[in-house]
Each structure stands twice: as structure tokens, then as C-alpha cells.
Amino acid sequence: MAKEETKTATQQPLVSVITPFYNTGEYIAECIESVLGQTYSNWEYILVNNQSTDSSRSIAERYARESSRIRLLDTPSFLGQVENFNAALRHMSPESRYCKVVLADDWLFPECLESMVALAEANPSAGIISSYRLFGDELTGDGLPYSDKLISGRKAGQHMLRDSYFLTGSPSSILLRAEIVRKTDPFYPEGWLHDDTEACFRVLTEYDLGFIHQVLSFSRKDEDSITSEVARFGPGPIRKYMFAVQYGPQFFSGDEYREYLQRETDFYGEFLAASVFEFRKKEFWDFHRKGLRTIGADFSSIGLPKYVLFELADIIFNPKKTLGRIICLFKSSQPKSLPKQKETPESAASAAKEQSTSP
């Protein structure tokens with residue numbers, strides 16, 4: 001260790017590392033090994049088995065037998081993904097100063113905990129410590145100048161909302177102050193998508209963001225994740241619009257907010273209008289209705305009829321563009337071979353990964 005060499009484990013703040021898992025036997029050993037390989041010493045590791053039916057639990061049990069710092073717990077019954085994450089957080093030690101979730105198919109680089117705790121200890125106003133991460137073979141989290149190691153929550157929120165900086169990655173790529181997690185139960189909002197990003201926005205309304213300009217975590221791209229399951233519904237535009245409505249007023253003010261909200265409304269309205277003429281199926285529209293209801297909105301409140309009229313005019317007066325759309329529609333209507341799906345309970349999904357474009 002660099003700066004922590006002279007400190008014993010008991011002199012370091014306790015970090016609760018938490019991995020909820022369900023049927024991740026292919027990857028969970030690699031995840032656990034990455035925690036065991038940390039250069040930071042004072043941690044507890046809580047593994048929560050969500051009624052796995054594969055080898056996951058037996059692998060976790062083997063590691064738990066070998067280390068007294070690892071606790072293996074089982075959920076009493078199968079839980080939905082977000083519900084399971086929230087239940088797992090409740091097992092943190094009361095003495096923990098920091099909380100580090102690591103998804104079961106992700107892993108940490110050796111200096112992850114050491115670097116994050118050092119920055120958090122030096123900056124008590126930081127509620128979240130983040131860093132670059134590898135998302136498959138892609139680098140995410142870039143955008144901030146190298147000199148920005150601590151920025152206000154307001155500035156971080158503006159960058160994430162308006163500038164599409166992906167500063168908080170996934171649960172595996174951030175460290176949280178345990179007191180923040182404890183005071184909000186459930187910590188991850190239950191009921192819709194992008195619960196981890198929404199939780200980060202909530203924290204940033206009160207705390208600063210610490211950022212380490214190093215790659216400290218790896219997130220696996222998962223074709224069976226929740227994000228992949230809903231990709232055909234176009235979650236990006238509605239996600240941006242919902243966050244603009246929910247958190248825009250807390251990070252922007254005056255004309256700046258009005259311009260930002262109008263930009264996201266136009267983006268989403270134009271997307272929906274184009275979808276009308278792409279003859280999207282009922283499940284597409286049900287998905288978007290459900291999302292809008294969570295923020296007390298509907299298609300009328302965003303002015304969808306207006307955007308449909310503009311789209312119709314564009315179709316009529318721009319025949320070259322219309323022909324291109326028809327060709328794209330024809331290609332997309334052709335049958336495609338689907339990737340083989342994992343065998344899971346009907347309500348189960350593997351650990352959600354945020355898209356690497358914008359929060």
C-alpha cells in the first residue's frame with residue numbers, strides 16, 4: 001500500500017462490500033477474488049444469495065468457509081432485483097463508514113477500495129466517490145478535467161443531465177458513505193428502471209462528487225440484463241426526459257432550466273412522433289405510458305399531438321427522407337435470430353447495467 005502502509009486494518013474505516021447474486025456461477029468467483037485481492041485491509045464482505053439454482057451458492061460458500069470476513073446470507077424467498085439489492089444493503093455492519101456494492105458479474109481492480117476511501121476521507125463533503133470503469137471493452141466516466149477530483153453535486157448533476165457525462169457508472173463503480181445509505185430505506189427506488197442512477201441523483205442534491213481519474217472497476221456487458229430487455233422500447237429518450245423533470249429543477253435554475261427541459265422535451269416528443277409512423281406495437285406504448293405515470297405525466301402533457309403534426313409535415317415535404325424511413329422499417333421488420341436466454345424465474349433478471357451513453 002502507498003499512503004496506508006503504516007496503518008493497521010483497525011485504524012482504517014470499515015468498508016462494507018456487498019454482492020447480491022442470482023445464478024452467476026460463471027462469474028462470481030472472479031468477483032469474490034477481486035475483493036480478496038484489494039490492497040485495502042479493513043473490509044467486510046456480505047454475499048447475499050437470492051435463491052440461486054446453479055453453482056453460485058456453493059462457490060460463495062467455499063470462500064465464506066475460508067475467510068471470517070465473508071458472510072454468506074440467503075434471502076428467505078426469491079426477490080426482484082431492486083428489492084434484493086435494498087435487502088442486501090440492510091446487512092451492513094453498524095460500524096461501517098463506507099458501502100461498496102459489487103455486482104456479481106463485475107470485478108474491482110486491486111487499488112479500488114484504497115483509492116476511493118482515501119479520497120472520501122480527504123473530502124468529507126463527498127457523498128459519492130466514482131472513477132473511470134471498463135464497460136466490456138469501453139471506457140466510461142470520462143469528461144471531467146483531470147484536475148477535478150471533487151466537484152459540487154450541483155455541477156455533477158448538470159454534467160450528467162445536460163452534457164451526458166456518465167460520472168456514476170453502475171453500482172460497482174462507486175463508493176457511498178454508509179450513513180447516506182442507512183438514512184434512506186429503500187436506498188434504490190423500487191418500481192421502474194435506472195434505480196441506481198436515480199439514487200445517485202438524489203445523493204448529489206445534498207453531497208459533492210469525488211472522482212478518481214483511474215480505471216478501478218470492470219462491468220460486464222450482459223445481453224440478458226434489464227437494460228437489454230427493454231432496449232427495443234427506446235428507453236434512452238424517456239429516461240432523459242424523466243430525469244429532466246425530476247431532477248432538473250434541483251440542478252438548474254431560471255432560463256437555464258427552461259432551455260434544458262425544452263431540449264429534452266423536444267428530443268422525447270420527436271422520438272415518440274417518429275415511433276407513431278413506425279407503427280410501434282402496443283407494448284412499446286404501454287412501456288412509455290408506465291414511465292410517464294411515475295412522474296405524473298402523460299403523452300398529452302408533453303405535447304405529443306404537436307410533435308406528430310410536425311413529423312407528418314416532414315414526411316409529406318421530405319420524400320427522400322421518407323423513402324429512407326420506409327427502407328429502414330422494411331429491414332427492421334425482417335426476422336432476426338435471438339440470442340439464447342438464460343433460464344431464470346419469470347420475474348428474474350441479471351444485474352442491471354446502465355447504458356454507456358447517458359444517465
Side-chain angles (χ1 to χ4, degrees), residues 1-2 15-40 43 45-48 52 54-56 59-60 63 70 81 84-85 88 98-120 128-144 146 160 165-176 188 194-197 199-200 209-228 231 339 342 349-359:
M1 300 173 73
V15 180
S16 288
V17 183
I18 301 172
T19 295
F21 65 91
Y22 169 76
N23 282 7
T24 52
E26 186 177 358
Y27 307 119
I28 193 167
E30 186 177 28
C31 175
I32 296 172
E33 290 282 356
S34 77
V35 176
L36 294 173
Q38 290 298 298
T39 58
Y40 190 81
W43 49 261
Y45 195 8
I46 303 167
L47 295 162
V48 183
S52 294
D54 67 352
S55 61
S56 301
I59 294 171
Y63 283 100
I70 298 178
Q81 178 182 276
N84 183 36
F85 278 29
Y98 299 103
C99 173
K100 184 77 178 77
V101 174
V102 187
L103 303 185
D105 46 0
D106 296 347
W107 48 266
L108 307 179
F109 284 87
E111 294 186 354
C112 182
L113 292 183
E114 180 182 1
S115 299
M116 288 187 164
V117 170
L119 186 59
I128 300 174
I129 304 297
S130 187
S131 72
Y132 300 138
R133 69 161 177 164
L134 282 180
F135 181 49
D137 57 358
E138 298 175 32
L139 175 71
T140 70
D142 58 317
L144 292 180
Y146 184 76
M160 291 171 68
Y165 287 10
F166 198 41
L167 299 180
T168 58
S170 79
S172 298
S173 56
I174 63 171
L175 179 81
L176 294 158
Y188 294 115
H194 314 301
D195 46 273
D196 55 327
T197 305
C200 288
L209 173 74
F211 195 89
I212 299 169
H213 296 265
Q214 292 177 284
V215 177
L216 295 178
S217 63
F218 170 84
S219 292
R220 200 175 307 275
K221 289 186 177 180
D222 189 347
E223 290 185 349
D224 295 334
S225 72
I226 287 178
T227 303
S228 298
K342 295 179 183 177
S350 58
K353 301 291 189 300
E354 280 289 337
Q355 293 178 332
S356 59
T357 52
S358 61

Q. If you round to the nearest 0.5 Å, how far is OG1 of T19 from CD1 of I46?
A. 9.5 Å
Q: Could you tell me whether the side chain of L36 reaches within less than 4.5 Å of the side chain of I70, counting heavy atoms only?
A: yes
Q: Check for a donor-acceptor pair, side chain of S131 on one end and backbone N or O of I212 on the other, with a separation under 3.5 Å.
A: no
**Q.** Check against side chain to side chain contact (heavy atoms under 4.5 Å, CB included), E26 and D105
**A.** CA-CA 8 Å; E26 186 177 358; D105 46 0; over 6 Å; no
Q: Could you tell me which residues satisfy side-chain hydrogen bond (donor to acceptor under 3.5 Å, both in side chains) with S56, sequence neighbours excluded, listed by chain and number?
A: D54
Q | With E33 via salt bridge (charged side-chain N to carboxylate O under 4.0 Å, His left out) - residues at least two apart | A | none
(Q) Just verifying a value: how many Å separate I28 CD1 and I59 CD1, rounded to the nearest 0.5 Å? (A) 7.0 Å
Q) Is the backbone N or O of L167 less than 3.5 Å from a side-chain atom of S130, with the two atoms forming a donor-acceptor pair by type? A) yes
Q) In Å, rounded to the nearest 0.5 Å, how long is the span from CZ of F21 to CD1 of I32? A) 7.0 Å
Q. Ignoring hydrogens and geometry, is there a side-chain-to-backbone donor-acceptor pair from Q38 to F109 under 3.5 Å?
A. yes
(Q) For the CG atom of L175 and the CG atom of L216, what is their distance to the nearest 0.5 Å? (A) 10.5 Å
Q: Applying side chain to side chain contact (heavy atoms under 4.5 Å, CB included), run through V17 and Y40 and close with a yes or a no.
A: CA-CA 12 Å; V17 183; Y40 190 81; over 6 Å; no
Q. Should E30 and R220 count as an ion pair when the cut-off is N to O under 4.0 Å?
A. yes
Q. Run the side chain to side chain contact (heavy atoms under 4.5 Å, CB included) check on L176 and I128 step by step: do they pass?
A. CA-CA 5 Å; L176 294 158; I128 300 174; 3.7 Å; yes
Q) What pair of heavy atoms forms the shortest contact from A104 to P20, and how long is it? A) CB-O, 4.0 Å
Q. For the residue pair G141 and F211, what are the closest heavy atoms and their distance?
A. O-CZ, 3.2 Å
Q | For Y45, ring pair (Phe, Tyr, Trp, His ring centres under 6.0 Å) partners two or more places apart | A | none
Q.
The test is side chain to side chain contact (heavy atoms under 4.5 Å, CB included); show your working for C31 and V102 and say whether it passes.
A. CA-CA 8 Å; C31 175; V102 187; 3.7 Å; yes
Q.
So, taking the atom named CG in D196 and the one named CD1 in I174, what distance separates them when rounded to the nearest 0.5 Å?
A. 7.5 Å
Q.
Can you list everything that forms a side-chain hydrogen bond (donor to acceptor under 3.5 Å, both in side chains) with Y132? Sequence neighbours excluded, please.
A. H213
Q: Grab the two heavy atoms, one from L113 and one from W43, that are nearest each other, plus how far apart they are.
A: CD1-CD1, 4.2 Å
(Q) Closer than 3.5 angstrom, by distance alone: can the side chain of K100 be matched with the main-chain N or O of I18 as a donor-acceptor pair? (A) no
Q | Residues that S52 engages under side-chain hydrogen bond (donor to acceptor under 3.5 Å, both in side chains), provided they are two or more places apart | A | N49
(Q) Working note: S217 + R133, criterion side-chain hydrogen bond (donor to acceptor under 3.5 Å, both in side chains); need CA distance, chi angles, decisive distance, verdict. (A) CA-CA 5 Å; S217 63; R133 69 161 177 164; over 6 Å; no
**Q.** Set of residues satisfying ring pair (Phe, Tyr, Trp, His ring centres under 6.0 Å) with respect to F218, sequence neighbours excluded
**A.** W107
Q) Are any side-chain N or O atoms of S172 and backbone N or O atoms of S219, one a donor and one an acceptor, separated by less than 3.5 Å? A) no
Q) With a 4.5 Å limit on heavy-atom distance, are the side chains of K221 and D137 in contact? A) yes
Q: Report the distance from atom CG of D106 to atom CZ of F135, rounding to the nearest 0.5 Å.
A: 9.0 Å
